[in-house]
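Remember, it's 1-based here, ligands and their atoms both numbered in the order they're listed.
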Amino acid sequence: MVAPPQRLLIDTDPGQDDAFALLLALASPEELDVLGITCVAGNVPVEKTSRNALQICELAGKREIPVFAGCDRPLAQELATAEEVHGSSGLDGATLPGPTLCLQEGHAVDFLIATLRAEPAGSITLVTLGPLTNVATALQRAPDIGPRLQRVVMMGGAFFEAGNSSPVAEFNIWVDPEAARIVCESGIPLVMAPLDVTHRALTPPFWKEALATLPAPLGPTLRGWVEFYERYDRAKYGWDGGPMHDPCTIAYLLQPQLFSGRSVPVRVETEGEFTRGMTVADWWRMSGERDNALFLTEVDREGFFRLLYERLTRLR
Ligand code: RIB
Ligand code: CA
């Protein structure tokens, strides 16, 4: 008996690694039914993340996926972006023609609320690949949608691994800690792919050559994105590859056995003078709080890249 595809909403701030996550999901229609993509300000402003999402759908040949623009700034602070990592476009490293697809009318937050109210309760998984501003805004405006979500699978956070945007904070949380705290305290079951696991999903030495074997424009585009994207972390950490952060969420949905972690209470620090944006994972359950997240810490790197490559070959 083949299980029906998991029904997904994906909130994202493309970003080259977001692009790989979106392509992985869009290449797996038998297992993942992407109901819509909502875009948020993060790596670059929302005008660019939205445009990038359209280009990625076009590159995947999936023109029917509705794409919405969302929040243009965090809940309680100015937007901080990451052009130093992703380039001014957010997808530097390759040049794609301007999208012929158009954004849907309406705001991403309204789409999230309407979809979760219209679809059967518990039938949708929300994947988040960027700051949680859209999701938190939707939960504030429509608290009834929280219990209607099956779960949230997010790339975000860090605990045993140092932060990448402050000594203790990972970018998606650091950009909007208030939003992350709202989602973490929402009661929605969470699966977190923090830096603790994504820093183990480093592109292997042969990865760029493997991508170049894919037919154009996909192969040259992906190779160019990886070449550009990984240079920042290679220089910063001295690694021989770059971390494929966001695809870890989709790979978890497709093959959870590639990952391991622990269900623990996770809270977001919003007041700390030095720790704002930190995800505090109560690994030994000392707080007495309830477990709210499966906090992933290990990945089968070889299996992960085997899955990612095999699915990308389907996007011919
Ligand atoms: O810290 C890594 C995360 O921040 C990834 O989602 C990357 O795309 C950026 O958004
Ligand atoms: Ca992202």
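The proximity of Asp18 to ligand 1, defined as any non-hydrogen pair under 4.0 Å, is limited to the side chain. Counting heavy atoms closer than 4.0 Å to ligand 1, residue Thr198 contributes nothing at all.
Remark: Glu302 CD is loosely packed, at most 12 non-hydrogen atoms of other residues, nucleotides or ligands lying under 6.0 Å away. Annotation: Glu78, atom CD; neighbour count of heavy atoms from other residues, nucleotides and ligands within 6.0 Å does not exceed 12. For CD of Glu105, the number of neighbouring non-hydrogen atoms (other residues, nucleotides, ligands) closer than 6.0 Å is 12 at most.
Ring pair Phe20/Trp207 is tilted by interplanar angle, where 30° to 60° counts as tilted.
The Asp17 neighbourhood of ligand 1 comprises atoms 5 (C), 6 (O), 7 (C), 8 (O), with distances under 4.0 Å to a heavy atom of that residue. Those atoms of ligand 1 that come under 4.0 Å of a heavy atom in Asp13, given as number and element, are 10 (O). For ligand 1, the atoms closer than 4.0 angstrom to any heavy atom of Phe171 are 1 (O), 4 (O), 9 (C), 10 (O). Here is the list of ligand 1 atoms found below 4.0 Å of a heavy atom in Asn43: 7 (C), 8 (O), 9 (C), 10 (O). Heavy-atom proximity to His245, at under 4.0 Å, picks out these atoms of ligand 1: 2 (C). The atoms of ligand 1 that sit less than 4.0 Å from any heavy atom of Met155 are 2 (C), 3 (C), 5 (C), 6 (O). For ligand 1, the atoms closer than 4.0 angstrom to any heavy atom of Leu129 are 6 (O), 10 (O). Taking every heavy atom of Glu170 and a limit of under 4.0 angstrom, the matching atoms of ligand 1 come to 1 (O), 2 (C), 3 (C), 4 (O).
Checked against the Ca ion (ligand 2), the N, O or S atom of Asp13 at the shortest distance is OD1. Closest approach between the Ca ion (ligand 2) and any N/O/S atom of Asp246 involves OD2.
Nearest non-hydrogen protein atom to atom 6 (O) of ligand 1 is Asp246 OD1, 2.6 Å.
A distance below 6.0 Å separates the ring centres of Tyr237 and His199. Side-chain rings of His86 and Tyr229 approach one another, their centers coming within less than 6.0 Å.
At least one N/O/S atom of Leu129, from backbone or side chain, sits under 3.0 Å from the Ca ion (ligand 2).
The shortest non-hydrogen separation linking Cys39 to Val67 is SG-CG1, 3.8 Å.
With Asp13 as reference, Asn43 is the one residue of Thr128, Thr49, Asn43, Asn134 to meet the side-chain hydrogen bond (donor to acceptor under 3.5 Å, both in side chains) rule.
Leu195 places a side-chain heavy atom less than 4.5 Å from the side chain of Met155.
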